[in-house]
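One structure is given here, and the rest of the page talks about it.
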Amino acid sequence: MLGFFQFSNKRGIKMRERLTYKFGGSCLDKDRDYENAARFLLEDSKSAPAPVCVVVSARKGKTNRLLKEAAELFGNNPWAQIDYVVKKGEFASAEKLSWELNKLSPGKPARVSTPYEWRIMAEGENPFDSRLIGTNVALADIRDPINYPIPAGFLIIPGYVGVHTTKTLGTSKALVALGRGASDLIAVEIARATESKLKLVKSAQSVYSVSPGLVRNPKPISHMTPEQALRVLEYIRSDEQFIMAEAVRHAQRKNVPLEFCSMENPEESSRIDSLFRPNESELFRALPVKENVVLIRAVVNTNTISGIYEKLHAKKIPFNDGGTEAINGESRLHIFAETRLADRITSVVRPLVNTMSVTEGSLITLIDTSLDPEGNHFMRAYKALRGIPILHSVSSGIIMHIFVQPQDTKRAVQALAEEFELLEP
């Protein structure tokens with residue numbers, strides 16, 4: 001992958017960097033947002049070679065409304081449901097952005113480029129959550145001089161959607177969704193296929209080390225490795241996840257760097273890639289938070305622990321391991337999970353344990369690559385949290401978990417952010 005740098009052709013002449021953009025639904029709500037996105041694209045990509053690829057999501061909140069409509073209209077046919085949702089959602093959003101670009105810059109025409117054209121192939125039995133296979137289409141294959149005699153300045157690609165390898169709907173291969181957040185995954189695949197730099201445009205101006213909803217002036221994260229990003233995504237609130245975890249894994253496998261920016265401040269960005277720039281520190285620190293979490297404590301026979309984990313994984317119930325303690329020949333198991341999953345987890349755990357308790361609270365996780373098992377980070381954390389009840393704490397490698405009561409969340413996060421220097425002056 002050519003990544004963030006200009007590259008040369010065989011004659012050694014420098015070529016301009018190709019660009020792919022992705023706009024999330026948080027950026028596209030009102031009609032004015034599409035006009036703003038078009039103006040941003042024309043300015044930000046003016047030095048890039050055509051065509052510029054742009055992956056778009058449906059308008060903010062549109063998908064949920066369309067899913068309800070589709071269930072009423074096509075209740076017995078999930079393939080027809082998802083076809084209705086993506087055409088009224090992602091396809092309509094792509095048409096709207098294309099129209100705005102053509103209105104502002106008719107000399108650099110934009111057109112919608114469908115998953116059929118890109119052959120974005122997927123498989124699976126669930127049309128709402130299919131698995132991406134990928135595309136082997138090169139950018140040169142997308143140019144169609146018969147149907148599109150004027151070369152495109154922008155190719156607008158509906159996100160979230162692919163084409164099923166075998167299933168048909170009418171006379172065409174069926175469209176399928178690739179799961180929530182899959183526009184990120186599509187954008188990675190388009191960037192890979194076109195050997196371009198990928199810019200994910202978000203409503204937030206950066207990815208932050210601490211949630212801006214919990215503290216004032218959090219430090220932005222300028223760079224994460226894929227492994228660090230996946231750790232943050234694992235422990236951050238679901239409504240603050242800045243990218244789909246599978247998109248990070250796909251980008252890592254395909255060597256595609258990821259850059260996040262906003263339309264308001266495109267110069268301030270965060271990126272995910274494995275390379276460090278000159279004078280850039282390899283140390284990484286973040287404080288993701290999950291509210292509405294339960295801590296499930298269970299006293300079990302030691303040889304039962306692996307069986308509990310296997311059952312939870314088999315049922316695809318997400319959870320975080322809070323560690324184990326030895327107690328009089330038995331073990332006390334700690335499991336963190338979102339409150340909405342508590343009943344599912346306890347139904348799996350209860351038959352396999354001797355005693356069990358469930359406590360609600362907030363999980364605060366310090367991810368710090370400078371953590372030393374013999375160091376004083378626990379002492380610093382407890383000193384910062386003096387006067388705040390800590391319901392549970394555990395440290396493993398570069399991660400420290402602290403579980404507190406819901407009403408103490410903001411105070412605890414503020415204290416830890418100050419102690420570990422995660423706030424701007």
Side-chain angles (χ1 to χ4, degrees), residues 19-41 44-45 52-70 81-101 110-118 120 122 127-130 132 135 154-163 175-191 198-204 207 233 238-248 250-251 256 258-264 266:
L19 291 175
T20 292
Y21 293 86
K22 183 264 175 177
F23 282 82
S26 62
C27 296
L28 303 173
D29 184 7
K30 302 177 176 62
D31 286 349
R32 181 72 177 178
D33 296 332
Y34 285 85
E35 181 181 342
N36 291 339
R39 292 185 186 279
F40 168 82
L41 284 167
D44 197 70
S45 68
V52 173
C53 295
V54 187
V55 178
V56 296
S57 298
R59 287 191 186 220
K60 185 178 180 180
K62 185 78 170 178
T63 300
N64 287 337
R65 294 194 296 272
L66 288 172
L67 284 169
K68 291 180 181 179
E69 292 177 16
Q81 287 182 42
I82 204 64
D83 189 79
Y84 177 86
V85 170
V86 299
K87 286 180 178 176
K88 293 281 188 177
E90 272 71 16
F91 278 60
S93 184
E95 290 285 0
K96 175 64 175 170
L97 182 57
S98 178
W99 187 86
E100 292 289 350
L101 282 163
R111 68 173 178 86
V112 175
S113 186
T114 71
Y116 292 108
E117 193 173 6
W118 285 92
I120 300 172
F128 295 94
D129 191 15
S130 298
L132 175 70
T135 175
F154 293 94
L155 293 173
I156 316 301
I157 303 151
Y160 177 61
V161 58
V163 180
L175 295 173
V176 292
L178 299 172
R180 288 302 179 98
S183 295
D184 295 330
L185 189 60
I186 297 294
V188 170
E189 185 62 13
I190 296 297
L198 175 56
K199 301 181 77 169
L200 299 112
V201 185
K202 304 286 185 177
S203 55
V207 178
L233 290 169
S238 57
D239 63 338
E240 292 190 334
Q241 292 194 336
F242 46 89
I243 190 172
M244 180 188 185
E246 182 53 37
V248 177
H250 192 65
V256 177
L258 306 170
E259 181 178 319
F260 303 85
C261 68
S262 70
M263 287 189 283
E264 290 75 16

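Every side-chain hydrogen bond (donor to acceptor under 3.5 Å, both in side chains) that Lys96 has, sequence neighbours left out, goes to Glu100. In terms of the salt bridge (charged side-chain N to carboxylate O under 4.0 Å, His left out) criterion, residue partners of Glu189 (sequence neighbours excluded) are, by chain and number, Arg192. Residues passing the salt bridge (charged side-chain N to carboxylate O under 4.0 Å, His left out) test with Arg39 are Glu35, sequence neighbours excluded. Residues meeting the ring-ring contact (aromatic ring centres under 6.0 Å, His included) test with Phe242, sequence neighbours left out: Phe260. Every residue meeting the side-chain hydrogen bond (donor to acceptor under 3.5 Å, both in side chains) condition with Ser183, not counting sequence neighbours, appears here in chain and number order: Ser57. For Tyr84, the ring-ring contact (aromatic ring centres under 6.0 Å, His included) partners at least two apart in sequence or on another chain are Phe74. Applying the side chain to side chain contact (heavy atoms under 4.5 Å, CB included) criterion to Asp129, with sequence neighbours excluded, gives Asn126. Partners of Thr63 under the side chain to side chain contact (heavy atoms under 4.5 Å, CB included) rule, at least two apart in sequence or in another chain, are Ala58, Leu67, Val85, Glu90, Tyr160, Arg180. When the side-chain hydrogen bond (donor to acceptor under 3.5 Å, both in side chains) test is applied to Ser130, no partner is found at least two apart in sequence or on another chain. Taking the side chain to side chain contact (heavy atoms under 4.5 Å, CB included) definition, one finds that Ser98 meets it with Asn102, Ala110, Val112, Ile156, sequence neighbours left out. For Glu240, the side chain to side chain contact (heavy atoms under 4.5 Å, CB included) partners are Ser211, Ile236, Arg237, not counting sequence neighbours. Here Lys199 pairs with Asp44 under the side-chain hydrogen bond (donor to acceptor under 3.5 Å, both in side chains) rule; sequence neighbours left out.
Here Ser93 contributes atom OG and Phe23 contributes atom CZ; the two are 10.5 Å apart, rounded to the nearest 0.5 Å. Separation of atoms CG (Leu175) and OH (Tyr116) is listed at 3.5 Å; rounding is to 0.5 Å. Once rounded to the nearest 0.5 Å, the distance linking CE of Met263 with CG of Asn36 reads 6.0 Å. Between Leu185 atom CG and Ile190 atom CD1 the span is 10.5 Å, to the nearest 0.5 Å.
Side-chain contact between Glu259 and Leu198: absent, with no pair of heavy atoms (C-beta onward) separated by less than 4.5 Å.
Scanning both residues, Ala122 and Leu178, for their nearest heavy atoms gives CB-CD2, 3.6 Å. A pairwise comparison of heavy atoms in Arg59 and Asp29 identifies NH1-O, 2.9 Å as the closest pair. Heavy atoms only, all atoms of each residue included: Ser262 and Ser203 are closest at CB-O, 4.3 Å. Residues Leu233 and Gln241 come closest through the heavy atom pair O-NE2, 2.9 Å. Annotation for Thr20 and Ala191: closest pair OG1-CA, 4.0 Å, computed over non-hydrogen atoms. Closest non-hydrogen pair, Lys60 versus Ser26, comes out as CD-CA, 4.4 Å.
Looking at Asp184, its side chain does come within 3.5 Å of a backbone N or O of Met244 through a donor-acceptor pair. Judged by distance alone, the side chain of Asp33 and the main-chain N or O of Lys30 form a donor-acceptor pair under 3.5 Å.
The only option from Val201, Ile157, Leu97 that meets the side-chain contact (heavy atoms from CB on, under 4.5 Å) definition with Val56 turns out to be Leu97.
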**Request:** Starting from the C-alpha separation in whole Å, work towards a yes-or-no answer on side-chain contact (heavy atoms from CB on, under 4.5 Å) for Cys261 and Phe40.
**Result:** CA-CA 11 Å; Cys261 68; Phe40 168 82; 4.3 Å; yes
**Request:** Evaluate the side-chain contact (heavy atoms from CB on, under 4.5 Å) criterion for residues Val163 and Trp118: first the C-alpha distance (whole Å), next the side-chain angles of each, then the deciding distance (0.1 Å), finally the verdict.
**Result:** CA-CA 10 Å; Val163 180; Trp118 285 92; over 6 Å; no
